[in-house]
Asks: 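The following block contains the structure, expressed as structure tokens.
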Amino acid sequence: MSFLKLLPDGVEVTVRATPRGGRDALDGVAELSDGRAVLKIRVKVAPEDGAATAAVARVLAQAAGVAASQVRLASGATARVKTFRIAGDAAKLTAALTQSASAPAGKGRK
């Protein structure tokens, strides 16, 4: 199972957010207790007034190699597990996100 779902106009990404994580970074892929795969993302900011969700979207955009305006929250505004949609070429986005998620810490993850 993958944290990515291909769409005609981009991809849908399932993310597990960790606010107040000390740094803004990808932490790889994990499996939830229900079997869903998620991309783990930690951010420095606290979960107040959508700041953490916005920070997660910026980290996701950077990992995908797209502008932040191409990333939008689809569900999970107040939840730890969120779904984002990223507009663009699905194949390129999949390749970039898969590479970023599997890169060792400090080598492509930011």
Asks: Mind listing the closest non-hydrogen atom pair of Ala96 and Ala64 along with its distance?
Replies: CB-O, 3.6 Å

Asks: Which heavy atom of Leu26 sits nearest a heavy atom of Ser100, and at what distance?
Replies: CD1-CB, 3.5 Å

Asks: Taking all atoms of both residues into account, what is the closest heavy-atom pair of Ala17 and Val56, and its distance?
Replies: CB-CG2, 3.8 Å

Asks: Just to verify, what does Thr53 make a side chain to side chain donor-acceptor pair (under 3.5 Å) with, not counting sequence neighbours?
Replies: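 Partners of Thr53 under the side chain to side chain donor-acceptor pair (under 3.5 Å) test: Lys82.
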
Asks: Could you check whether any side-chain N or O of Asp49 sits under 3.5 Å from a backbone N or O of Ala51, counting only pairs where one atom can act as donor and the other as acceptor?
Replies: no

Asks: So which atom in Leu39 and which in Ala101 form the shortest heavy-atom distance, rounded to 0.1 Å?
Replies: CD1-CB, 3.6 Å

Asks: Can you tell me if Asp9 has over 12 outside heavy atoms packed within less than 6.0 Å of its CG?
Replies: yes

Asks: Please find the pair of heavy atoms, one from Lys40 and one from Ala30, that lie closest to each other, and give the distance.
Replies: CD-CB, 3.6 Å

Asks: Drop me the distance from Leu4's CG to Thr98's OG1, to the nearest 0.5 angstrom.
Replies: 5.5 Å

Asks: Do Glu12 and Thr83 have side-chain heavy atoms sitting under 4.5 Å apart?
Replies: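 Glu12 reaches Thr83 side chain to side chain.
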
Asks: What is the distance from atom NZ of Lys44 to atom CZ of Arg20, rounded to the nearest 0.5 Å?
Replies: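 Reported to 0.5 Å precision, the distance equals 15.0 Å.
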
Asks: Quick one: name the residues clustered hydrophobically with Val81, using the 4.5 Å side-chain heavy-atom rule over I, L, V, M, F, W, Y, and just say none if it's on its own.
Replies: Leu32, Val38

Asks: Is there a continuous path of hydrophobic side-chain contacts, each under 4.5 Å between heavy atoms, that joins Val15 to Leu6?
Replies: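 Same cluster.
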
Asks: Tell me, do Asp24 and Val45 make a side-chain contact under 4.5 Å, heavy atoms counted?
Replies: no

Asks: What's the shortest heavy-atom distance between Val71 and Phe84, and which atoms?
Replies: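 Shortest heavy-atom contact: CG1-CD2, 3.7 Å.
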
Asks: Enter the distance from Leu97:CG to Leu60:CG here, rounded to the nearest 0.5 Å.
Replies: 6.0 Å

